[in-house]
Amino acid sequence: MTNIAIFASGSGTNAEAIMEHFAASDYARVALLLSNRPDAFALTRAERFGVPTAVFSRDDFRDPNGSVASLLQEHRIDFIVLAGFLWLVPAHLTAAYAGRIVNIHPALLPKFGGKGMYGEHVHRAVIEAGEPTSGITIHWVNERYDSGDTIFQASVAVEPNDTPDSLAAKIHTLEHRHFPAVIEDTIRNLKL
């Protein structure tokens, strides 16, 4: 059984889709959900699925001997998923989990990525740039924001009347449809 840890900073709709996808799996399971925000609704979603949770500080995250590293070892985590997690992953974790950390970004990278490009900021930038399409990018995580190799992309049309909110709704549909399945395929291909 492959043990997955999800890192989430916000409401956790993607985390919930992933937990739901793996709830009945005999191949992989979500074994831990970690958040940098004690008020993240993702924590409540995880509790509903019986998934252990923890909240951590920036210092704990950056410390190779801190609570985050300890929790990942304690829960025997094999694979990490960033699902709406906004901090840059420190080098000690990208090294320890090289080729085993994925992220989802709400745009078609390499456009509209990097520090500060998340949520409404991304959707507003896409619309203001007059892009005809947007979408999702699922990619490997490395030591730089949104620069790891692409695993999967899916796109939607940006309509003339789209707002950041209406575009976000289209993007969320793509995320929930594809992210869990791509995670499963990726884990199976890695033979974890």
Side-chain angles (χ1 to χ4, degrees), residues 2 4-23 25 28 30 33-37 40-42 45-46 49 79-89 94 97 99-190:
T2 299
I4 301 167
I6 298 174
F7 283 73
S9 296
S11 71
T13 59
N14 275 315
E16 181 170 13
I18 295 162
M19 289 183 286
E20 189 171 310
H21 180 86
F22 287 103
S25 174
V30 178
L33 185 136
L34 296 151
S35 182
N36 57 315
R37 292 185 43 208
F41 196 67
R45 293 179 195 272
F49 280 88
F79 194 82
I80 295 174
V81 175
L82 308 184
F85 183 70
L86 303 180
W87 288 356
L88 186 66
V89 178
T94 59
Y97 288 89
R100 295 183 292 142
I101 308 176
V102 298
N103 181 47
I104 190 164
H105 184 74
L108 298 171
L109 292 173
K111 291 183 175 183
F112 307 104
K115 186 173 184 177
M117 292 303 283
Y118 61 91
E120 184 180 327
H121 302 285
V122 172
H123 307 312
R124 185 173 306 287
V126 167
I127 291 168
E128 288 176 357
E131 293 290 321
T133 59
S134 190
I136 60 168
T137 303
I138 300 167
H139 65 92
W140 294 110
V141 172
N142 61 23
E143 64 283 350
R144 294 180 315 278
Y145 282 111
D146 301 326
S147 64
D149 290 343
T150 296
I151 299 168
F152 175 87
Q153 288 186 314
S155 62
V156 294
V158 178
E159 303 296 339
N161 62 342
D162 268 327
T163 65
D165 287 342
S166 67
L167 183 54
K170 293 179 188 180
I171 299 297
H172 286 313
T173 299
L174 287 180
E175 290 172 340
H176 301 161
R177 181 183 312 140
H178 295 292
F179 200 18
V182 171
I183 291 166
E184 181 172 346
D185 288 347
T186 302
I187 290 171
R188 287 186 184 277
N189 288 336
L190 291 173

Donor-acceptor pairs under 3.5 Å, side chain of residues 147-159 to any protein atom, not counting sequence neighbours: which ones?
| unit_1 | atom_1 | unit_2 | atom_2 | d |
| --- | --- | --- | --- | --- |
| S147 | OG | N142 | OD1 | 3.0 |
| S147 | OG | N142 | ND2 | 3.3 |
| S147 | OG | R144 | O | 3.2 |
| Q153 | NE2 | L109 | O | 2.9 |
| Q153 | NE2 | T137 | OG1 | 2.9 |

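- A donor-acceptor pair under 3.5 Å is absent between the side-chain atoms of R37 and the main chain of G10, judged by distance alone.
- Contact of the V102 side chain with the W140 side chain is registered, since non-hydrogen atoms from C-beta on lie closer than 4.5 Å.
- Under a 3.5 Å cut-off, the side chain of D146 and the backbone N or O of G114 do form a donor-acceptor pair.
- Atoms OH and NE2, from Y145 and H105 in turn, are 12.0 Å apart once rounded to the nearest 0.5 Å.
- With no hydrogens or angles considered, no side-chain donor-acceptor pair links E120 and H123 at under 3.5 Å.
- Taking CD1 of I18 as the reference point, atom CZ of R45 lies at 12.0 Å (rounded to 0.5 Å).
- Here H121 pairs with nothing under the side chain to side chain donor-acceptor pair (under 3.5 Å) rule; sequence neighbours left out.
- Once rounded to the nearest 0.5 Å, the distance linking CD of E20 with CZ of F49 reads 5.0 Å.
- Summarising the geometry of A83 relative to A15, their closest heavy-atom pair is CB-N, 4.2 Å, with the distance given to 0.1 Å.
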Derivation and outcome, side-chain contact (heavy atoms from CB on, under 4.5 Å), residues I183 and F79: CA-CA 9 Å; I183 291 166; F79 194 82; 4.0 Å; yes
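- Of all heavy-atom pairs spanning P106 and E175, the tightest one is CB-OE2, 3.9 Å.
- Taking CD1 of I104 as the reference point, atom NE2 of H176 lies at 8.0 Å (rounded to 0.5 Å).
- Here side-chain hydrogen bond (donor to acceptor under 3.5 Å, both in side chains) pairs that include residues 125-136, with residues two or more places apart or in two chains, are K111-E131.
- Remark: I6 CD1 to L34 CG distance equals 10.0 Å, nearest 0.5 Å.
- Nearest approach of F7 to F85, heavy atoms of both residues: O-CB, 3.4 Å.
- More than 12 heavy atoms of other shown residues, nucleotides or ligands fall within 6.0 angstrom of atom CZ in F112.
- Atom-to-atom distance recorded for I4:CD1 and I187:CD1 is 3.5 Å, nearest 0.5 angstrom.
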